[in-house]
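In what follows, a structure is listed as structure tokens, so that the remarks can point back to it.
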Amino acid sequence: MISLRLMEDTMEDYTAMQKWFSEPELQAFVWCDEKGEPPVPLERIIEKYGSRIKNPTDVFPYFILKGDEPIGFIQYYIKDEASIGLDMWIGILKERNHGYGTEALKQMVELIHKRHPQVKEVFIDPEVENKRAIKCYQKAGFKDFGKFMDEDLDPCLLLKIVF
């Protein structure tokens, strides 16, 4: 059974993130460290996610749980009054391709819709080459709204659920 829980200000949560960031497939598609210091130092993870956990204002990080065990990460961020963005990944290689990401996305979209009823759309923007993620997002109900270049000039796909 898949569930979501807010990320906590604990060494267990930060070290889980650090371990996931060392996984090669995640390094290809997910933020690891803007300073380019592989492996990502624990201090950088605490710096980036600690403030989001302790003082949630516009970014809300969650862990994806299988039973009681964290297997992945999903966060939503408020872009504006009508739009919320998502980031997510399954951090444990053996837990991929089982539908857990799709289920976590569905739960998160439902949570967002309940907490932010004024929001008109939820979006996610994977790199075009991240085929596994795109398939997951589409299975969760996200529709293709076209391609664009991100700030690093990587081609990305804009996927949305419009309420």
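In this text, all values refer to a predicted model and were calculated from it rather than measured experimentally.
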Side chain to side chain, F145 and V162, heavy atoms closer than 4.5 Å
yes

State, with a plain yes or no, whether a side-chain heavy atom of I92 is found less than 4.5 Å away from one of E23.
no

Of all heavy-atom pairs between I64 and W89, which one has the smallest distance, and what is that distance?
CD1-O, 4.0 Å

Nearest 0.5 angstrom please: E121 CD to F163 CZ, how far?
9.5 Å

Could you measure the distance from the CG atom of L111 to the CD1 atom of I84? Nearest 0.5 Å is fine.
9.5 Å

Thinking salt bridges, do K106 and E110 make one under a 4.0 Å N-O criterion?
no

Would you say Q138 has more than 12 foreign heavy atoms packed within less than 6.0 Å of its CD?
yes

Could you tell me whether the side chain of D13 reaches within less than 4.5 Å of the side chain of R5, counting heavy atoms only?
yes

Is the NZ or CZ atom of K66 positioned over Y100's six-membered ring, under 6.0 angstrom from the centre and within 45° of the axis?
no

Q18 side chain to V40 main-chain N or O, any donor-acceptor pair under 3.5 Å?
yes

Any idea how Y76 and F60 line up, ring-wise: parallel (<30°), tilted (30 to 60°), or perpendicular (>60°)?
parallel

Say you draw a straight line from CZ of F73 to CZ of F63; how long is it, rounded to the nearest 0.5 Å?
7.5 Å

Are there over 12 heavy-atom neighbours, none belonging to M149, within less than 6.0 Å of that residue's CE?
yes

Considering only heavy atoms from C-beta outward, does the side chain of M108 approach that of M88 to under 4.5 Å?
no

For the residue pair D125 and D150, establish whether any side-chain heavy-atom pair is separated by less than 4.5 Å.
no

Rounded to the nearest 0.5 Å, what separation is found between the CD1 atom of I90 and the CZ atom of R96?
8.0 Å

Would you check if I134 and F142 make a side-chain contact, meaning some heavy-atom pair closer than 4.5 Å?
no

For E81, is the CD atom crowded, meaning more than 12 foreign heavy atoms sit under 6.0 Å from it?
no

In this structure, CG of N130 is separated from CG of L157 (nearest 0.5 Å) by 10.5 Å

Rounded to the nearest 0.5 Å, how far apart are SG of C136 and CG of N97?
9.5 Å

Contact between Y137 and I161 at the side-chain level, heavy atoms closer than 4.5 Å - yes or no?
no

Answer yes or no: is there a side-chain heavy-atom contact under 4.5 Å between R52 and Y49?
yes

Report the C-alpha separation of L65 and I71 in whole Å, then their side-chain angles, then the decisive distance to 0.1 Å, and conclude whether the side-chain contact (heavy atoms from CB on, under 4.5 Å) test is met.
CA-CA 6 Å; L65 305 178; I71 63 164; over 6 Å; no

